[in-house]
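To start, the structure under review is shown below, and the notes come after it.
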Amino acid sequence: QVQLVESGGDSVQAGGSLRLSCAASGSPISSNCMGWFRQAPAKAREGIATISTDGRRTVYADSVKGRFTISRDNAKRMVYLQMNSLKPEDTAMYYCAAGRCGAYGDPQLTNDNYNYWGQGTQVTVSS
């Protein structure tokens, strides 16, 4: 069992930056691919960033590519999401998730790969 707690969400103006953190407890996460997802009101949950077990491979949704960076520290059981150049359309509840990797250990943004989820942290971006 893995427990995940997100933090770092806030209200910021467009163009600003935030760093989200995800603290894991329970079982080690070193064998899990980790991901960040978000859900805006009345919209489906969207996978936005994922990282391999060793942190060397990452995958991003087109909507955040070039602006967001996912990273992890397995020794500290932490996962981070650095968000730059924030836009109003980034407003959402952000969730950290742990799960299985794809073939050859590739991180994937597929919801079904993830079986542990945090409670979320709210990010609001105003124009």
Side-chain angles (χ1 to χ4, degrees):
Q1 287 281 353
V2 176
Q3 292 80 44
L4 302 170
V5 178
E6 304 93 337
S7 61
D10 205 345
S11 296
V12 297
Q13 290 194 329
S17 297
L18 283 174
R19 188 194 196 203
L20 304 185
S21 297
C22 173
S25 60
S27 299
I29 59 170
S30 55
S31 61
N32 293 105
C33 275
M34 301 296 296
W36 284 97
F37 293 74
R38 69 185 181 186
Q39 188 167 20
K43 291 190 176 182
R45 187 165 58 192
E46 173 191 18
I48 57 172
T50 180
I51 189 167
S52 60
T53 55
D54 60 5
R56 295 181 180 181
R57 287 167 285 176
T58 56
V59 175
Y60 297 95
D62 288 344
S63 57
V64 305
K65 199 173 294 182
R67 300 188 297 123
F68 291 10
T69 302
I70 187 171
S71 61
R72 65 189 296 165
D73 186 331
N74 286 338
K76 295 182 178 179
R77 295 189 184 185
M78 295 292 296
V79 183
Y80 306 98
L81 185 68
Q82 178 67 43
M83 306 187 296
N84 299 327
S85 303
L86 283 161
K87 305 175 181 180
E89 50 265 42
D90 294 319
T91 295
M93 185 71 79
Y94 283 70
Y95 299 92
C96 176
R100 60 181 175 85
C101 305
Y104 308 107
D106 291 334
Q108 296 178 332
L109 288 172
T110 307
N111 272 336
D112 290 347
N113 284 22
Y114 297 88
N115 51 346
Y116 299 107
W117 296 84
Q119 294 299 307
T121 186
Q122 178 68 37
V123 172
T124 302
V125 185
S126 58
S127 57

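What you see is a predicted model; the values in this text were computed from it and never measured.
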- Cationic N near anionic O, under 4.0 Å, D62 to K65: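 Salt bridge between D62 and K65, a charged N being under 4.0 Å from a carboxylate O: yes.
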Please tabulate, for the side chains in residues 18-27, all donor-acceptor contacts under 3.5 angstrom to protein atoms that are two or more places apart in sequence or on a different chain.
residue, atom, partner, partner atom, Å
S27, OG, Q1, N, 3.2
S27, OG, Q1, O, 3.1

Minimum heavy-atom separation for [X] to [Y], with atom names?
{"X": "A92", "Y": "A40", "value": "CB-N, 3.8 Å"}
{"X": "C33", "Y": "P107", "value": "SG-CA, 3.7 Å"}
{"X": "M78", "Y": "I29", "value": "N-CD1, 4.3 Å"}
{"X": "G120", "Y": "M93", "value": "C-SD, 3.7 Å"}
{"X": "V2", "Y": "L4", "value": "CG1-CD2, 3.7 Å"}
{"X": "R67", "Y": "S85", "value": "NH1-O, 3.0 Å"}

- Message: When you measure from the side chain of E6 to the backbone of C96, do you find a donor-acceptor pair of N or O atoms at a distance under 3.5 Å?
- Response: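 Yes, E6 side chain to C96 backbone: donor-acceptor pair under 3.5 Å.
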- Item | N32 (side chain) donor-acceptor with R100 (main chain) under 3.5 angstrom |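 Side chain of N32 to backbone of R100, a donor-acceptor pair under 3.5 Å: no, none is there.
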- Task: Identify the residue among I70, L81, L109 that makes a side-chain contact (heavy atoms from CB on, under 4.5 Å) with I48.
- Result: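 Single pass found, and it is L81.
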Do [X] and [Y] sit in the same hydrophobic cluster, where Ile, Leu, Val, Met, Phe, Trp and Tyr count as joined when their side-chain heavy atoms come under 4.5 Å apart?
{"X": "V79", "Y": "F37", "result": "no"}
{"X": "M34", "Y": "V64", "result": "yes"}
{"X": "L86", "Y": "Y60", "result": "yes"}
{"X": "Y80", "Y": "Y116", "result": "no"}

- Output the distance between atom CD (Q119) and atom OH (Y95), rounded to the nearest 0.5 Å.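 One gets 8.0 Å once the value is rounded to the nearest 0.5 Å.
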- From CD (Q13) to OG1 (T124), nearest 0.5 Å: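 These two atoms lie 12.5 Å from each other.
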- Query: Taking atom types as modelled, is there a side-chain donor on Q108 or D106 under 3.5 Å from an acceptor on the other?
  - Reply: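 Side-chain D/A pair, Q108 to D106: absent.
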- Message: Can a side-chain donor-acceptor contact be found between D54 and S52 if the only test is distance below 3.5 angstrom?
- Response: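 The answer is yes; a qualifying pair exists.
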- Query: Would a line drawn from the ring center of W36 to the ring center of F68 be shorter than 6.0 Å?
  - Reply: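 Ring centres of F68 and W36 not closer than 6.0 Å.
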- So, do D90 and M83 sit near enough that their side-chain heavy atoms are less than 4.5 Å apart?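 Not touching, per the 4.5 Å side-chain cut-off.
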- So, do C101 and R57 sit near enough that their side-chain heavy atoms are less than 4.5 Å apart?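 No, their side chains stay 4.5 Å or more apart.
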- Residue Q39 excluded, over 12 heavy atoms near CD under 6.0 Å: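 Yes, because the 6.0 Å sphere around CD of Q39 holds more than 12 heavy atoms from other groups.
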- Which residue pairs pass the disulfide (SG to SG under 2.5 Å) test when at least one of the two sits in residues 38-78, sequence neighbours left out?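 Listed once each, the pairs would be none.
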